[in-house]
> 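If you scroll down you'll find the structure; I have some questions about it.
All values below come from the heavy atoms of this structure, side chains included, with hydrogens, waters and symmetry mates left out. Start at 1 and go down the list; that is how both ligands and their atoms are numbered.
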Amino acid sequence: SARQVNIAIIGAGGVGKCFLSQLESLAARRQSQKLVLTYIATSKKAVYSDSYSPIALDSVVSTLSSSSQAPLALPKLVDYLAASGTKTVLVDNTSSQDIADAYPSFLRRGISIVTPNKKAFSGSYKLWQDIFAAKEEGGALLYHEASCGAGLPVISTIKDLVETGDEVTKIEGVFSGTMSFLFNSFAPTSGSGGGKWSAEVAKAKELGYTEPDPRDDLNGLDVARKLTILARYAGLEVESPTSFPVQSLIPKELESVASGDEFLARLPEFDAQMEEVKAEAQKEGKVVRFVGSIDVASKQVKVGLEKFDLSHPIAALKGSDNIISFYTKRYGSNPLIIQGAGAGGDVTAMGVTSDLLKVLAQL
Ligand code: NAD
């Protein structure tokens, strides 16, 4: 009979719900292993039992919403999962720092982890080291493809490059779907058609491309987190996502306004600044884009506005796509380029599900 693997899930939001539907179809197709959901929680509710009875995947969302069980505290959850005596994979579909901080305790007990959560890998360098030490100690597996570029194969690519002995010299790209959308509309390569900066931000918010408070995209921190992860795989001991220059697009005066709505209402006062940046690029026959780059030799990581020739792949990006270029010794002057949707529930969940498949193949 097929061996059993237990699955525990935290988070059932945009990505989590898409993952659940991909897991349901994966579990139905999987012959070599019996996948059993034994725990699922959001920040408010949970479903689990002391006997680890299977939670039906076809009705899990409604079971969860009608549950009166509270989530287990993290140390309790570690004990609960480790005590099952069955191989277990934890899927963290949250953006919680607390859960990320607990990864070492799960891994040390042999519980494998797959996640789109950036926090564990872009936090302090100490947490990064603790996580990989705990993984070795517990003989657990750990994949986080969707923590950079959603479903795009970015993490697996940098790992493959490094582990096969190539030398990564530079990584450059557009790492935020929101920033991509904003600049592709604000400064199109056609030269005309871009609206006022504040209007583009308002439009992006209306279309659901930004966080509820657009400042959470415009501060550049999300991009800085992804750069931190890639720089560490490229061999740089980056201390934290705030230990290198990150340009924030939030005007100083609006950093402390109370709400996202007030921010949007006052943003037009600062349109002239962004208009100037755009005009300056235009004078050189270029367009402005919000990019992140890692120069490995000089150990420089930075995030911010840069100008690109109209023929550059970064300038020609469409919609809310991401693009990541890897310059390496083997690839020479023509970089290995990965491009496509870098956000969205289904593509992000695909990154998580394919990580789960990699874990399952090794259990
Ligand atoms: P979301 O806000 O829609 O859902 C988050 C879920 O996690 C909710 O169910 C919430 O209840 C739960 N949660 C949060 N903190 C928790 C805690 N401490 N304990 C238990 N449950 C908790 O978020 P999302 O869009 O689904 O994103 C999930 C993860 O995927 C995030 O780390 C995000 O950065 C990452 N990601 C998302 C996208 C995307 O396009 N949405 C792309 C790439 C990566």
Side-chain angles (χ1 to χ4, degrees), residues 8-23 39-48 60-65 67 69-78 80-81 90-103 105-106 113-123 143-155 173-181 204 207-213 216-217 219-230 241 319-322 324 338 340-356:
I9 301 175
I10 314 181
V15 174
K17 287 210 174 71
C18 292
F19 172 75
L20 280 170
S21 104
Q22 292 181 18
L23 177 63
Y39 181 90
I40 183 164
T42 62
S43 42
K44 297 200 179 74
K45 291 168 177 245
V47 179
Y48 64 96
V60 57
V61 176
S62 61
T63 308
L64 186 58
S65 65
S67 171
Q69 281 179 295
L72 287 169
L74 291 166
K76 285 246 155 60
L77 179 59
V78 174
Y80 168 77
L81 297 181
L90 172 70
V91 184
D92 172 16
N93 283 328
T94 75
S95 56
S96 161
Q97 183 70 54
D98 289 343
I99 298 171
D101 289 343
Y103 285 5
S105 9
F106 286 101
I113 299 177
V114 299
T115 184
N117 183 354
K118 292 175 272 289
K119 299 282 165 63
F121 315 96
S122 61
Y143 290 91
H144 57 99
E145 185 58 78
S147 64
C148 182
L152 300 176
V154 178
I155 302 291
V174 173
F175 293 87
S176 153
T178 311
M179 291 292 199
S180 181
F181 180 81
L207 292 171
Y209 284 118
T210 71
E211 294 295 324
D213 185 336
D216 293 334
D217 297 296
N219 64 14
L221 180 60
D222 179 71
V223 176
R225 286 191 177 281
K226 293 168 187 168
L227 270 278
T228 300
I229 300 173
L230 289 180
S320 61
D321 282 2
N322 286 10
I324 293 101
I338 296 168
D346 273 321
V347 293
T348 306
M350 170 237 179
V352 182
T353 308
S354 62
D355 279 351
L356 177 59

> Identify the heavy atoms of C148 and L230 that sit nearest to each other, and give their distance.
SG-CD1, 4.0 Å

> Keeping Y48 on the side-chain end and L72 on the backbone end, is there a donor-acceptor pair under 3.5 Å?
no

> Can you name the residues that form a ring-ring contact (aromatic ring centres under 6.0 Å, His included) with Y209, not counting sequence neighbours?
F181

> Donor-acceptor pair, distance only, cut-off 3.5 Å: does the side chain of S354 make one with the backbone of M350?
yes

> For D217, give me all partners under side-chain contact (heavy atoms from CB on, under 4.5 Å), at least two apart in sequence or on another chain.
T178, T210, E211

> Of all residues at least two apart in sequence or in a different chain, which pass the side-chain contact (heavy atoms from CB on, under 4.5 Å) check with S180?
V174, N184, L317

> With a 4.0 angstrom cut-off on heavy atoms, strictly below it, pick out the residues next to ligand 1 and order them by chain and number.
I10, G11, A12, G13, G14, V15, T42, S43, N93, T94, S95, S96, I99, P116, N117, K118, A146, A343, G344, T348

